[in-house]
**Q** 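Take a look at the following structure, please.
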Amino acid sequence: MDAGMPGGKVDAGGNAAAPRRSEARDGVAQREEEQEEEGDEDLRDGGVPFFVNRGGLPVNEATWERMWKHVAKIHPEGEKVALRIRGATDLPKIPIPSVPTLQPSTLIPERLEAIQRYIRELQYNHTGTQFFEIKKSRPLTGLMDLAKEMTKEALPIKCLEAVILGIYLTNNMPTLERFPISFKTYFSGNYFRHIVLGVNFGGRYGALGISRREDLMYKAPTFRTLSELIFDYEEAYRRCWHTLKKVKLGQCVSHDPHSVEQIEWKHSILDVEKLGREEFRKELERHSRDMRLKISKGTGPPSPTKDRKKDVSSPQRSQSSPHRRNSRTERRPSGEKKPAEPKAMPDLNGYQIRV
């Protein structure tokens, strides 16, 4: 805000305070970007922090109590809902979803529908505590072990967990290409992040995932181009008053569940505003061509079993993962960051509008 305008603040030296606020917002944005690099981009949800269960399962007492305390903070009914559930003696028994059994003769689109039904049956996790700790830098084999645990425990999941589960359940479909798609949106003074598993079968694009919003998760593989798929998500965001800011596209994921390669989460980072509509579309199609090229050259998803060391196993939490492959030179950031938008008045209906 200009210091000469009504409401503008001036410090003791006569300088406008607005630039400081802008710098502070930039600092927050920078820290968020650093979190993303470490694989922690989902630790904030629309400005509201949420927790990750880092102690494994069964959940330890400290994590359990912290979860209920957080539920009381974020739920519209506050402590009442926590007390009502924890004090109930006649809670209904929740059925455990069964992992879909798919025959080789079942068509790929039908298999995808069955997998999506299973993901949906697990239900979205509204507690504010993510039950499974997912480190994006882990080798694929470790993430697949975690996906097995998800099917065993059958707990509610969030969007990143759904992506890992989607990869696990589609590993036996070699004609289906899978790649991560991340979205960053802006609404009512806050940034929101979401991720789905993009799929390509027979030249048609779709996606698997989970969300609070029905139109921000599963997309049947019917889109002719990658840009059509992304624009469909953008329109879905627009319907709930979110502005799409960035899209991050990964490379195709190996079908080898024992691969020690890491998932390339951000091969292309596209700033929607800086690019403009037509350039944004061109960058999406360029990424699509890059994926097809890597697959046709045989340098894409596979990580051949014969190249693995026989004694390699899934790392435990105390072990460090293999050194991250430096693929930043391959990424195509679309320009410098723009200053964050001024924070709007709090939205009283934000709980329902978060996606």
**Q** Asn53 side chain to Phe131 main-chain N or O, any donor-acceptor pair under 3.5 Å?
**A**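 It does hold such a pair.
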**Q** Using a distance-only test with no angle check, is there a side-chain donor-acceptor pair under 3.5 angstrom linking Thr225 and Ser227?
**A**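 Thr225 vs Ser227: donor-acceptor pair found between side chains.
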**Q** Say you draw a straight line from CG of Leu91 to NZ of Lys93; how long is it, rounded to the nearest 0.5 Å?
**A**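 Answer rounded to 0.5 Å: 13.5 Å.
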**Q** Would Phe192 and His242 count as a ring-ring contact (aromatic ring centres under 6.0 Å, His included) if you check the C-alpha gap in whole Å, the side-chain angles of each, and the deciding distance to 0.1 Å?
**A** CA-CA 9 Å; Phe192 297 76; His242 280 237; 4.8 Å; yes
**Q** So which heavy atom on Arg66 is nearest to which on Val52, and how close?
**A**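 Distance-wise, the nearest heavy atoms are NH2-O, 3.3 Å.
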**Q** Among side-chain atoms of Asn171 and Arg178, is any donor-acceptor pair under 3.5 angstrom?
**A**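 Yes.
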**Q** For the rings on Phe51 and His70, is their centre-to-centre separation under 6.0 Å?
**A**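 Yes, the ring of Phe51 comes within the 6.0 Å limit of the ring of His70, centre to centre.
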**Q** Is the closest basic N to carboxylate O distance between Glu234 and Arg277 below 4.0 Å?
**A**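 Salt bridge: yes.
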**Q** Quick check: does any side chain N or O of Thr63 sit under 3.5 Å from a backbone N or O of Val59, one acting as donor and the other as acceptor?
**A**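 No: the side chain of Thr63 does not pair with the backbone of Val59.
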**Q** Under a 4.5 Å cut-off applied to non-hydrogen side-chain atoms, are Ile115 and Leu165 in contact?
**A**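 No, their side chains stay 4.5 Å or more apart.
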**Q** When you check the side-chain N and O atoms of Tyr205 and Thr222, is any donor under 3.5 Å from an acceptor?
**A**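 No - no donor-acceptor pair under 3.5 Å links their side chains.
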**Q** Rounded to the nearest 0.5 Å, what's the gap from CE on Met150 to CD1 on Ile164? Could you check?
**A**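 The distance works out to 6.5 Å.
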**Q** Work out which heavy atom in Val272 is nearest to a heavy atom in Leu244; give both atom names and the distance.
**A**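 Nearest pair, atom of Val272 first, then Leu244: CB-O, 3.7 Å.
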**Q** Any sub-3.5 Å donor-acceptor pair from Tyr233's side-chain atoms to Met217's backbone N or O?
**A**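 Side chain of Tyr233 to backbone of Met217: a pair is present.
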**Q** Look at the side chain of His194 and the backbone N and O of Leu216, then say whether any donor-acceptor pair between them is shorter than 3.5 Å.
**A**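 Flag set: sc His194 to bb Leu216 pair under 3.5 Å.
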**Q** Is the distance from the ring center of Tyr124 to that of His126 below 6.0 Å?
**A**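 For Tyr124 and His126, the ring centres are under 6.0 Å apart.
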**Q** Any side-chain heavy atom of Ile74 sitting closer than 4.5 Å to one from Thr127?
**A**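 Result no, sub-4.5 Å side-chain heavy-atom pair not found.
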**Q** Heavy atoms, side chains only, cut-off 4.5 Å: are Cys240 and Arg213 in contact?
**A**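 Yes - at least one pair of side-chain heavy atoms lies under 4.5 Å apart.
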**Q** Can you check whether Arg224's main-chain N or O pairs, donor with acceptor, with Glu228's side chain at less than 3.5 Å?
**A**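 Flag set: sc Glu228 to bb Arg224 pair under 3.5 Å.
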**Q** Working to the nearest 0.5 angstrom, can you tell me the gap between Lys282 NZ and Arg289 CZ?
**A**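 Answer rounded to 0.5 Å: 10.0 Å.
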**Q** About how many Å separate OG of Ser188 and CH2 of Trp241, when rounded to the nearest 0.5 Å?
**A**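 Going from the CH2 atom of Trp241 to the OG atom of Ser188 covers 12.0 Å.
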**Q** Heavy-atom distance under 4.5 Å between the side chains of Thr151 and Tyr118, does that happen here?
**A**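 Result yes, sub-4.5 Å side-chain heavy-atom pair found.
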**Q** Between Asn125 (side chain) and Thr129 (backbone), is there a donor-acceptor pair under 3.5 Å?
**A**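 It does hold such a pair.
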**Q** Under 4.0 Å between a Lys/Arg side-chain N and an Asp/Glu carboxylate O for Lys73 and Glu79?
**A**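 Salt bridge between Lys73 and Glu79, a charged N being under 4.0 Å from a carboxylate O: no.
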**Q** Can His287 and Ser268 be counted as having a side-chain donor-acceptor contact under 3.5 angstrom?
**A**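 Yes, Ser268 and His287 have a side-chain donor paired with an acceptor closer than 3.5 Å.
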**Q** Is the shortest side-chain heavy-atom distance between Leu270 and Ile230 below 4.5 Å?
**A**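 Of all side-chain heavy-atom pairs linking Ile230 with Leu270, none is under 4.5 Å.
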**Q** Look at Arg281 together with Glu278 and state whether they make a salt bridge at an N to O cut-off of under 4.0 Å.
**A**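 Salt bridge: yes.
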**Q** Could you report the tightest heavy-atom contact between Tyr237 and Phe183, atom names first, then the distance?
**A**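 The answer is OH-CB, 3.6 Å.
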**Q** Compare every heavy atom of Ile210 with every heavy atom of Ala162, then report the nearest pair and how far apart it is.
**A**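 Between these two residues, the closest heavy atoms are CB-CG2, 3.6 Å.
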**Q** Under 4.5 Å between any side-chain heavy atoms of Val247 and Leu249, yes or no?
**A**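 Yes; the side chains approach each other to less than 4.5 Å.
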**Q** Testing the basics here: between Leu122 and Pro97, what is the closest heavy-atom pair and its distance to 0.1 Å?
**A**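 Shortest heavy-atom contact: CD2-CG, 3.9 Å.
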**Q** In terms of side-chain heavy atoms, does Glu261 have a donor or acceptor partner in Ser254 at a distance below 3.5 Å?
**A**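 Judged by distance alone, the side chains do not pair up.
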**Q** Got His75 and Val81 here, is their nearest side-chain heavy-atom distance under 4.5 Å?
**A**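 His75 reaches Val81 side chain to side chain.
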**Q** Roughly how far, to the nearest 0.5 Å, is the NZ atom of Lys294 from the CZ atom of Arg292?
**A**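 Nearest 0.5 Å value for the CZ-NZ distance: 14.5 Å.
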**Q** Less than 4.0 angstrom from a charged side-chain N to a carboxylate O is my criterion; do Arg239 and Asp215 meet it?
**A**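 Answer for the salt bridge query: yes.
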**Q** Could you tell me the separation between the NZ atom of Lys148 and the CG atom of Leu143, rounded to the nearest 0.5 Å?
**A**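 One gets 12.5 Å once the value is rounded to the nearest 0.5 Å.
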**Q** Between Lys152 and Glu149, is there a side-chain N and carboxylate O pair less than 4.0 Å apart?
**A**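 Result for this pair is no, no salt bridge flagged.
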**Q** Could you give me the CA-CA distance, side-chain angles and deciding distance for Glu283 and Leu275, then say whether side-chain contact (heavy atoms from CB on, under 4.5 Å) is met?
**A** CA-CA 9 Å; Glu283 287 296 323; Leu275 286 170; 4.1 Å; yes
**Q** Test of understanding: clusters of I, L, V, M, F, W, Y form through side-chain heavy atoms closer than 4.5 Å, transitively. Do Ile85 and Val71 belong to the same one?
**A**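 Same cluster: Ile85 reaches Val71 through Ile, Leu, Val, Met, Phe, Trp or Tyr contacts under 4.5 Å.
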**Q** Quick one, Val196 and Leu208 - any side-chain contact, counting heavy atoms below 4.5 Å?
**A**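 Side-chain contact under 4.5 Å: no.
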**Q** Between Leu169 and Ile96, is there a shared hydrophobic cluster once you connect ILVMFWY residues whose side-chain heavy atoms come closer than 4.5 Å?
**A**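 Each belongs to a different hydrophobic cluster.
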**Q** Output yes when Glu235 and Arg238 qualify as a salt bridge under the 4.0 Å nitrogen-oxygen rule, no when they do not.
**A**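 Looking at Arg238 together with Glu235, the answer is yes, because their closest N to O distance falls below 4.0 Å.
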**Q** So, are Glu77 and Arg84 salt-bridged, with charged N and O less than 4.0 Å apart?
**A**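 Between Arg84 and Glu77 there is a salt bridge, with a charged N closer than 4.0 Å to a carboxylate O.
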**Q** How close do Pro180 and Trp265 get, heavy atom to heavy atom, and via which atoms?
**A**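 Heavy atoms of Pro180 and Trp265 come nearest at CB-CE3, 3.7 Å.
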**Q** Treating Ile, Leu, Val, Met, Phe, Trp and Tyr as nodes and any side-chain heavy-atom pair under 4.5 angstrom as an edge, say whether Leu83 and Met67 lie in one connected cluster.
**A**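 No; Met67 is not reachable from Leu83 via cluster members.
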**Q** Where the side chain of Glu161 meets the backbone of Lys158, is there a donor-acceptor pair that is under 3.5 Å apart?
**A**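 Confirmed, Glu161 side chain pairs with Lys158 backbone.
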**Q** Membership question, hydrophobic clusters at under 4.5 Å side-chain separation (ILVMFWY): are Ile94 and Phe132 in the same one?
**A**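 No, Phe132 does not connect to Ile94 through the hydrophobic network.
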**Q** Is a side-chain donor or acceptor of Thr106 paired with a backbone partner of Gln103 at a separation under 3.5 angstrom?
**A**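 Between the backbone of Gln103 and the side chain of Thr106 there is a qualifying donor-acceptor contact (under 3.5 Å).
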